[in-house]
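Below is one structure; the comments refer to it alone.
For reference, positions follow the sequence shown, starting with 1. This structure is a prediction, so every number in the text was calculated from the model and none was measured.
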Amino acid sequence: MAFFKTHIELIAAIFSGILIVIAFTLEHQNLYAYSVITYLLAFGIGGYAKAKYGILKTFEDKQLNVEILMILAAVGSSIIGYWTEGAILIFIFSLSGALETYTMNKSRKEITSLMKIQPEAAWLVKEQKTVRVPLKDLHTGDMILVKPGERIPVDGVLQNGQTAVDESAISGEALPVSKYEEDELFAGTVNLSGAITMEMTKPSTETMFQKIIDLVQSAQSEKSPSQQFIERFEGRYVKVVLFAFVLMLFLPHYLFAWDWNTTFYRAMVLLVVASPCALVASIMPATLAAISNGAKSGIIFKGGMHLENLSVVRAIAFDKTGTLTRGQPEVTDFVIRQGMDKKIAMAKIAGIESQSNHPLAKAISDFIVLQGITPTPNLTIEDVPGNGLRATTNSEEFLVGKPKFVGEELAETFEDGLLEKLANQGKTVTFVRDNEGILAAMALKDTVRDITKSTIEELKKAGIYCIMLTGDNRKTAAVIAKETGVDDYIAECLPGDKVKELKKLLKKYEYVAMTGDGINDAPALATATTGIAMGAGTDIALETADIILMKNDLSRIAYAIRLSKKMQRIVKQNIFFSVSVIILLIISNFFQTITLPIGVIGHEGSTILVILNGLRMLNRNV
């Protein structure tokens with residue numbers, strides 16, 4: 001029953017085709033009355049869906065459409081005795097409609113499959129017991145048990161255990177991702193190995209999984225400028241064709257001395273071949289297929305318009321932190337004073353830093369713990385706002401922080417000017433001072449993503465100008481710009497400054513994209529022709545952007561651009577082909593070199609071909 005409902009149009013078209021064959025056979029056996037009845041059945045079964053849609057759409061939009069032209073052409077063909085041609089017209093028209101519906105269903109298949117695999121219940125851990133409860137009964141902060149092989153029910157943070165997770169439903173990547181304590185987990189992904197306990201951080205209606213579904217459904221209903229133009233053009237074009245049809249019914253008889261049968265026959269052929277079915281089908285199937293392709297590849301397009309705009313982008317501005325870089329400081333250098341036991345020193349430093357919530361302190365503490373060193377306990381810590389930390393034991397005092405806090409001269413002379421060398425590399429240096437002087441220097445840096453440099457190179461090869469806009473100081477910005485390979489950079493940018501720079505780029509390049517992840521990037525994302533947000537970005541960045549990279553994979557930008565350019569090529573091919581066929585058939589009809597059957601096959605065949613060409617956008621080898 002489900003199969004029948006899904007493929008009702010295709011089944012009706014095929015059944016209509018079978019009836020045409022039967023009617024044709026009856027006609028050649030001189031059973032004319034039976035053949036007409038069978039043709040009428042073929043008309044009704046094959047043409048019902050399109051006729052109903054065309055009539056309702058005409059009343060709704062208050063203008064004629066392609067479907068009305070096809071109804072008139074089929075009826076006209078039967079009136080002049082061309083039952084077979086009229087029925088074939090209905091058959092191929094219904095077949096192309098079924099194919100277009102298939103394309104739309106295919107483009108929604110990924111979203112439908114996501115909705116089907118979305119868990120409906122979860123194991124709630126309460127008072128050391130696990131209870132199976134519906135998702136709607138869960139609340140933020142609840143602890144949830146996820147067993148091996150189960151789908152993770154909601155977004156959250158891993159609190160106990162470690163595992164590997166299949167995130168292909170969201171990212172499209174086949175390789176499992178290892179997850180440890182404090183790592184993020186996403187609804188709809190699969191827990192592959194160990195049993196884990198997670199803390200729910202978002203309501204089930206606000207998970208990344210649900211956002212993907214909502215965004216793609218919204219994108220599929222939004223039409224590109226080209227599609228909107230074609231739909232506006234369609235109404236006017238149909239009126240022109242009908243006007244030409246009326247003229248064709250009379251003028252050739254008086255101007256070229258055609259007999260009335262020939263005149264009416266040629267008018268009917270004109271009605272068939274001049275219908276813009278192929279032109280109307282040139283854009284939407286390809287656009288829907290491209291949006292579906294993007295969703296499978298971790299790219300969410302919020303509409304066909306943004307796909308179209310991306311194909312002409314000539315410059316891309318990038319935020320630095322969290323976009324070109326990971327957005328998290330990592331320890332790159334750890335230098336201990338000569339003569340000091342390295343393990344003892346690092347244990348003391350970890351004991352201090354582990355008691356601070358500052359991102360730099362956490363990065364240092366994590367780095368030391370990963371070396372297998374246990375932090376020294378029982379240190380008394382005092383936070384000195386804007387400077388660092390003061391730690392005391394029975395016999396020692398430690399200062400941890402920036403050079404001015406620990407003693408600028410001591411910091412500058414430590415290890416023969418190490419501070420200047422590290423600062424020139426765009427690194428932030430934290431010092432530790434004890435009773436004897438500088439104990440250690442730790443350099444931290446927001447490291448560039450592994451994929452960033454190759455992505456920038458690919459974009460530059462495609463002729464796209466790449467610029468970095470960052471709020472960081474010039475020295476750090478210069479180092480990151482060199483590492484990433486961008487064409488230029490602007491440092492010390494406030495949100496308003498980023499908007500100003502975007503406007504300059506728009507004036508120079510006309511079509512400009514902006515990629516960012518933070519609240520401060522939202523104004524620039526809105527200003528750009530195309531705003532691209534990192535999937536782990538802030539809510540306001542995700543809402544403002546036109547395109548979202550669900551897994552923060554910058555290489556998806558280059559893929560998205562290739563996808564959009566391929567779609568534009570296919571759309572142009574479709575438009576050129578469909579218009580050429582219409583012109584050729586109209587001219588051929590005027591010179592009486594084609595028959596109605598050839599006109600039907602040429603017109604409807606071209607429609608089927610452009611839809612099939614659009615389906616090529618589902619291929620992920622772009």
Side-chain angles (χ1 to χ4, degrees), residues 16 20 23-24 26-28 30 32-33 35-40 42-44 46-47 50-51 54-55 58 63-96 233-280 577-608:
S16 171
I20 291 169
F24 183 79
L26 290 171
E27 185 180 351
H28 280 73
N30 297 318
Y32 189 72
S35 72
V36 169
I37 293 170
T38 312
Y39 277 130
L40 286 172
F43 271 60
K50 280 290 186 180
I55 292 167
T58 297
Q63 66 176 16
L64 298 169
N65 50 50
V66 172
E67 284 74 19
I68 296 297
L69 282 186
M70 290 298 97
I71 294 167
L72 292 174
V75 171
S77 298
S78 61
I79 288 171
I80 61 175
Y82 286 86
W83 287 97
T84 307
E85 287 78 2
I88 290 173
L89 174 62
I90 290 294
F91 166 68
I92 302 179
F93 193 51
S94 63
L95 189 63
S96 67
F233 169 79
E234 177 190 343
R236 299 188 186 98
Y237 182 82
V238 168
K239 291 174 186 175
V240 171
V241 171
L242 287 174
F243 180 71
F245 167 70
V246 172
L247 291 178
M248 194 80 172
L249 285 173
F250 302 101
L251 286 183
H253 174 73
Y254 295 106
L255 292 177
F256 307 113
W258 291 3
D259 60 74
W260 284 112
N261 282 340
T262 301
T263 302
F264 192 73
Y265 178 78
R266 288 298 156 191
M268 295 314 305
V269 176
L270 175 69
L271 200 58
V272 172
V273 301
S275 180
C277 296
L279 184 60
V280 170
F577 175 71
S578 58
V579 170
S580 299
V581 169
I582 289 171
I583 292 171
L584 179 63
L585 291 174
I586 289 174
I587 293 171
S588 300
N589 178 51
F590 186 77
F591 286 103
Q592 302 185 41
T593 57
I594 61 168
T595 59
L596 184 57
I598 298 298
V600 169
I601 293 169
H603 172 266
E604 293 302 328
S606 64
T607 304
I608 291 173

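Under a 3.5 Å cut-off, the side chain of Ser16 and the backbone N or O of Phe91 do not form any donor-acceptor pair. Not a single donor-acceptor pair under 3.5 Å links the side chain of Thr38 to the backbone N or O of Ala23. Remark: side-chain polar atoms of His253 are paired, donor with acceptor, to backbone N or O of Trp258 under 3.5 angstrom. A donor-acceptor contact shorter than 3.5 Å links the side chain of Ser35 to the backbone of Tyr32.
In plain terms, the two heavy atoms of Leu72 and Met268 that are nearest each other are O-CE, 3.6 Å. Contact between Pro252 and Leu247 at its shortest, heavy atoms only, is CD-O, 3.7 Å. Across all their heavy atoms, Leu585 and Gly602 have their closest contact at CD1-C, 3.9 Å. Considering every non-hydrogen atom in both Ala42 and Ile20, the closest pair reads CB-CG1, 3.9 Å. Taking each heavy atom of Leu249 and Trp260 in turn, the nearest pair found is O-CZ3, 3.4 Å. The shortest heavy-atom contact between Phe43 and Ala74 is CE2-O, 3.7 Å.
Checked against a 6.0 Å centroid threshold, the rings of Phe250 and Phe264 do not count as neighbours.
No side-chain heavy atom of Glu27 sits under 4.5 Å from any side-chain heavy atom of Val36. Contact of the Phe256 side chain with the Thr263 side chain is not registered, since no non-hydrogen atoms from C-beta on lie closer than 4.5 Å. Using a 4.5 Å heavy-atom cutoff, the side chains of Leu242 and Val246 are not in contact.
Taken from CG in Leu584 to OG in Ser606, the straight-line distance is 10.5 Å, to the nearest 0.5 Å. Here Asn589 contributes atom CG and Arg266 contributes atom CZ; the two are 5.0 Å apart, rounded to the nearest 0.5 Å. In this structure, the separation between OH on Tyr265 and CD on Gln592 is 10.0 Å, given to the nearest 0.5 Å.
Counted by atom type alone, Tyr39 and Thr84 present one or more donor-acceptor pairs between their side chains at under 3.5 Å.
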Worked verdict on Val273 versus Ile594 for side chain to side chain contact (heavy atoms under 4.5 Å, CB included): CA-CA 10 Å; Val273 301; Ile594 61 168; 4.3 Å; yes
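Within 6.0 Å of atom CZ in Phe590, 12 or fewer heavy atoms from other residues, nucleotides or ligands are found, so the atom counts as exposed in its surroundings. Within a 6.0 Å radius of CZ in Phe577, other residues, nucleotides and ligands contribute more than 12 heavy atoms.
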